[in-house]
Amino acid sequence: MTPAEETSVWLVLCSGPSRNTGAGHGKPGPVTSQLLDAFTSEFGQRATVVRSSGLVLGVEGGRLTLADTDGRPLSAPAVAYARLSTPRLSADREVTLLRHLAAMGTRLLNPAEAVLASVNKFWQLQQLAAAGIPVPDTRTHTDAPLEQVPAIGLPAPYVVKAVRGHRGRRVFLAPDDAWLRAVAGSLDDRHPYLLQRYVAHSHGRDLRVLVVDGRAVAAVVRTAHDDRLVSNLAQGGTHTVCTGRYPDAEALAVAAADTIGLGVAGVDLLFEADGSFSVCEVNGNPTWQPDMPGVAEAVAAACRSRLAAADPVRGEPPYAAGEATPGSPSAPSAGP
């Protein structure tokens with residue numbers, strides 16, 4: 001692709017603090033490869049891949065600046081979509097980059113504040129519940145030890161999950177409070193936990209809906225391996241494509257993604273016994289499988305619509321390299 005200083009659409013790959021692993025290093029995975037092909041097809045030489053490890057952010061003379069690690073000044077792109085390493089995502093690193101780009105006038109498919117909400121499972125629930133979107137009853141804690149947090153009002157058994165987790169890890173079913181107290185001391189306590197209503201009708205299965213720019217572009221039913229609780233593919237689950245089979249659920253997923261503020265999202269829904277759905281999680285860095293066509297193309301199309309909105313005449317950012325746009329949107333100053 002074209003060098004970053006000559007392009008107006010960036011696919012940003014953020015690998016986190018590790019120097020040797022993550023989305024930004026080595027051979028691109030299948031999702032990144034699909035995105036590369038889609039961006040090349042949609043934009044040609046106007047798009048490029050930029051790795052967060054190659055960027056230097058700055059403030060000079062009262063203006064925000066951007067450069068590569070060789071010191072070459074860069075103009076902020078008109079539009080950017082960032083692929084983030086969810087396990088390593090940090091407010092001090094990736095979110096700071098997103099804030100910087102937004103302040104320089106870049107239109108982000110997934111803004112910084114939405115990314116922060118997507119990695120904190122309780123922040124999501126706060127926003128979804130306030131918007132009237134159905135979610136399972138949940139309890140959490142701040143400073144109190146987990147063993148001192150009773151599941152008030154939640155019938156046993158109930159689901160326990162880390163407030164920050166990924167790929168179905170650190171999620172289990174607690175038979176009662178006594179059992180939870182017995183094992184709490186052996187759990188990783190770097191982050192709080194959620195105690196959540198167990199939806200027995202959805203045990204070992206959920207509905208993942210890929211939402212891009214307000215449209216459900218793909219959906220799959222995920223099924224757990226060996227009757228496990230979680231159905232994530234990373235935990236051995238399987239999937240069956242079902243796009244269009246559950247229109248009410250897809251509409252709910254679109255509303256959930258919009259509530260969080262994500263242009264690209266993977267929304268996980270639980271099957272309720274009465275035939276309805278509730279939102280389990282909203283993921284800001286979803287992956288998809290080869291038998292789910294059209295997702296990468298939808299992401300590229302979403303970038304195209306934002307590029308046109310940046311400047312209807314030229315589709316270019318109306319600002320000079322390194323110059324912050326007056327009145328640019330700001331993002332929250334702290335994250336999880």
Side-chain angles (χ1 to χ4, degrees), residues 86 110 114 117-138 154 158-163 165-169 171-173 194-225 227-289 291-292 294-295 298:
T86 304
N110 286 347
S118 72
V119 298
N120 185 302
K121 299 181 191 303
F122 198 69
W123 286 19
Q124 297 179 24
L125 295 177
Q126 290 171 327
Q127 292 180 235
L128 294 171
I133 292 175
V135 296
D137 292 345
T138 305
L154 296 179
Y158 48 84
V159 175
V160 180
K161 63 174 73 173
V163 75
H166 66 289
R167 298 180 179 175
R169 297 170 182 164
V171 181
F172 55 91
L173 195 62
L194 305 182
L195 310 181
Q196 195 167 77
R197 177 175 65 89
Y198 170 50
V199 182
H201 192 69
S202 202
H203 182 101
R205 66 177 183 138
D206 66 4
L207 179 67
R208 161 64 67 92
V209 179
L210 273 297
V211 177
V212 179
D213 221 16
R215 183 169 65 92
V217 297
V220 296
V221 172
R222 302 187 301 182
T223 306
H225 175 65
D227 198 37
R228 296 181 180 180
L229 174 65
V230 297
S231 56
N232 301 67
L233 302 189
Q235 299 297 322
T238 58
H239 75 281
T240 302
V241 177
C242 61
T243 309
R245 186 182 304 170
Y246 302 102
D248 291 345
E250 292 182 4
L252 183 60
V254 169
D258 181 67
T259 296
I260 301 300
L262 293 166
V264 180
V267 183
D268 299 338
L269 301 108
L270 301 175
F271 293 86
E272 297 284 355
D274 64 358
S276 65
F277 293 85
S278 58
V279 175
C280 180
E281 296 180 14
V282 181
N283 304 278
N285 197 56
T287 59
W288 52 88
Q289 305 305 309
D291 58 354
M292 301 166 67
V295 181

Next item on the list: Give the C-alpha distance, both sets of side-chain angles, the deciding distance and a yes or no for side-chain contact (heavy atoms from CB on, under 4.5 Å) between V254 and V209.
Entry: CA-CA 9 Å; V254 169; V209 179; 5.9 Å; no

If you define the side chain from C-beta out and look only at heavy atoms, does anything of [X] sit under 4.5 Å from [Y]?
X    : Y    : value
P286 : V211 : no
L207 : F271 : yes
Q289 : V220 : no
D206 : C280 : no

Between [X] and [Y], what is the shortest heavy-atom contact and its length?
X    : Y    : value
L252 : P134 : CD1-CD, 3.8 Å
V279 : V282 : CG1-CG2, 4.0 Å
A218 : V295 : CB-CG2, 4.1 Å
L229 : Y198 : CD1-CE1, 4.0 Å
A265 : A257 : CB-CB, 3.9 Å
S118 : Q124 : O-NE2, 2.9 Å

Checklist entry - Roughly how far, to the nearest 0.5 Å, is the CG atom of L125 from the CD atom of E281? => result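 Nearest 0.5 Å value for the CD-CG distance: 8.5 Å.
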
Notebook entry, point to check: Within the distance-only criterion (no hydrogens, no angle test), does the side chain of D137 pair as donor or acceptor with the backbone N or O of R197 below 3.5 angstrom?
Noted result: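 Answer holds: no.
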
For L262, does its backbone N or O pair with a side-chain atom of N110 as donor and acceptor, under 3.5 Å?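 Not a single qualifying donor-acceptor pair exists.
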
Go through the steps for Q127 and T259 under the test side-chain hydrogen bond (donor to acceptor under 3.5 Å, both in side chains), then give the verdict.
-> CA-CA 7 Å; Q127 292 180 235; T259 296; over 6 Å; no

Qualifying side chain to side chain donor-acceptor pair (under 3.5 Å) pairs with a residue from residues 238-256, counting only residues at least two apart or across chains =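 Checked against side chain to side chain donor-acceptor pair (under 3.5 Å) - neighbours excluded - the pairs reaching residues 238-256 are H239-D291.
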
Q) Is there any salt bridge (Lys or Arg N to Asp or Glu O under 4.0 Å) pair reaching into residues 252-271, and which pairs are they, with sequence neighbours excluded? A)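 Matches after skipping sequence neighbours: R208-D268, R222-D268.
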
Self-check item: All side chain to side chain donor-acceptor pair (under 3.5 Å) counterparts of Q196, not counting sequence neighbours
Solution: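 For Q196, the residues satisfying side chain to side chain donor-acceptor pair (under 3.5 Å) (neighbours in sequence not counted) are T138, K161.
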
